[in-house]
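This report concerns only the one structure given below.
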Amino acid sequence: MIEVEQLHARAGEFSIRDVTLTVPRGCYGVLMGRTGSGKTTLLEAICGLRQIVSGRIRIGGRDITHLKPGERGIGLVPQDLALFPTMTVREHLAFALEIRREPRQAIEDRVDELAGLLGIAHLLDRGTAGLSGGESQRIALGRALAFRPGVLLLDEPLSALDETTREEMHALLREVQRSTRVTTLHVTHSRAEARALAEKLFLVENATVREAALQELSA
Amino acid sequence: MNHAPTATPPAAHRPGPDWPFILGLGLLSSVYIILIVAMLVADATFTTPGHLLHALASPEIRFSVRLSLLSCTLTTLLSLWVSVPTAYLMSRFRFPGRRLMDAVLDIPIVLPPLVVGISLLILFQTPVGKMIERLIPITYALPSVVIAQFAVACAFSVRTMLVTFDQISPRREIVALTLGCNRSQAFWRVAFPEARRGMLTAATLAWARSLGEFGPILVFSGATRFRTEVLPTTVFLELSVGNLEAAVAVSLLMILAALAVLGIARVFGLRAPLERVL
């Protein structure tokens, strides 16, 4: 569960104020808003990458407002994906587990499991150069899910994809959500994407957030 | 306003030809290129293989080749060891005094080399300097050669690494933080491997600068044969006794080493930093 209470966070000159939202455990929340409305700032604040002025963030009931990014147990798929150009796909999937010093066998099992779930088993020993947009998305997703985070945050991950690949990714995201039950907050400005994925809808307006009914998407 | 075609079209405008401008660019740039190549050709044609072999047979010159190779390599390692963290600090963190630090790092690049030598000489005359000298002899001894080279070469290395880290997006390190890394792990696992090519460029630059370092070494280390004589010192000593053949032969050795290093930097390193730093 993601609970944000009266959050005031700052990114340089820009800030979001009085943001309150709750994504229940295992739910797929979609956050919509115009470009520059503060969606990314909110996501980065939840990850611990932005200065929190006031308010509170809880993940699964635990107050994480002032924890370091790595202590929060949040998987992030940023808009630019930020894949590591010096690593193979396998190393991407193993990264968070190696940092946590998991046993080698456990890491190998998890990498195989993720590669199967995401359909990237044939890419494991490749580098990131020359991957297609959809493949890169899957790897960024796998890297974020590897350490079994309680929460997955997606920042407009599908905006650079063509229509067909995007629909494939919608199906994949639903499948990931169904099999992992990870609480998800997905930022997008696409109504079609929100319609395809949202179980709960939030709209960012005037630097704050309100929950909206799913019916508003078809309006 | 009426833009309908008129019966008499306006007089056609014809821009003048481009060739005089391009020819001018070509002529002016070729003057410099010809000067550089002519210098190298003059050295190469002045020297015979006999001169080179004769120079290399001299024990003094063999000592100076060895000292040059050793001191340049030590300086390069030291420069990387200092410049990588310095540049990373400046590229990734905003802190009070950062602009001042940036300006101070330019000083060795603009300072006249002789002044670097004098300043080092004076530094080791201060009480702290004298204390260090009592533990390890520095001035006019081998460590002074490395310190004199390091004082200048490291600044070039820092500049190269700064451009390198500025070109690497910090986003990937930020993602690494969310995946459980601390700052140090994000640096070693994500940023450091990405900076490899920049480090190679920084190393070759530092090595080449050190190889040619003369003024500070002359002042701070002296020109004692079998003690502090590096290749530029050899050229100076041979010239001062009128042995032009040996001076040119040793110069040619340095030219070959510099070209080799330039080749390595061009093929394996980053091109942009080299162009921006030099």
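Every chain is numbered from 1, with letters handed out A, B, ... down the list of sequences.
Looking at A:Arg100, only its side chain comes within 4.5 Å of chain B, counting heavy atoms on both sides. Proximity to chain B (any heavy atom under 4.5 Å) is restricted, for A:Ala144, to the backbone atoms N, CA, C and O. If you measure heavy-atom distances from A:Leu49 to chain B, the contacts under 4.5 Å come from the side chain alone. Heavy atoms of B:Gln185 lying under 4.5 Å from chain A belong exclusively to its side chain. Only the backbone of A:Leu83 comes within less than 4.5 Å of a heavy atom of chain B; no side-chain atom from C-beta onward does.
For the pair B:Phe192 and A:Thr86, the minimum side-chain heavy-atom distance is 4.5 Å or more. Under the 4.5 Å side-chain criterion, counting only non-hydrogen atoms from C-beta, B:Pro193 is not in contact with A:Phe84. For the pair B:Ile174 and A:Glu44, the minimum side-chain heavy-atom distance is 4.5 Å or more. A:Lys68 is not listed as a side-chain neighbour of B:Leu177, based on a closest heavy-atom distance of 4.5 Å or more. Side-chain atoms of B:Arg189 and A:Ile99, non-hydrogen and from C-beta on, do get closer than 4.5 Å to each other.
Note that the CG atom of A:Asp80 and the CZ atom of B:Arg172 stand 8.0 Å from one another [nearest 0.5 Å].
Remark: A:Arg34 CZ is loosely packed, at most 12 non-hydrogen atoms of other residues, nucleotides or ligands lying under 6.0 Å away. For B:Arg98, the CZ atom is densely surrounded, since the number of other residues' heavy atoms within 6.0 Å is greater than 12. Other residues, nucleotides and ligands contribute over 12 non-hydrogen atoms within 6.0 Å of the CD atom of A:Glu71. The local environment of CZ in A:Arg17 is sparse, with at most 12 non-hydrogen atoms from other residues, nucleotides or ligands closer than 6.0 Å. Heavy atoms of other residues, nucleotides or ligands lying less than 6.0 angstrom from CZ of B:Phe21 number 12 at most. For B:Phe93, the CZ atom sits in a packed shell: over 12 heavy atoms of surrounding residues, nucleotides or ligands are nearer than 6.0 Å. The 12-atom threshold is not exceeded at CZ of B:Arg62, counting heavy atoms of other residues, nucleotides or ligands nearer than 6.0 Å.
Contacts with chain B were tallied for A:Pro78, A:Gly75, A:Gly48, A:Cys47; A:Pro78 has the most, counting heavy-atom pairs under 4.5 Å.
B:Thr178 approaches A:Phe147 most closely through the heavy-atom pair O-CZ, 4.1 Å.
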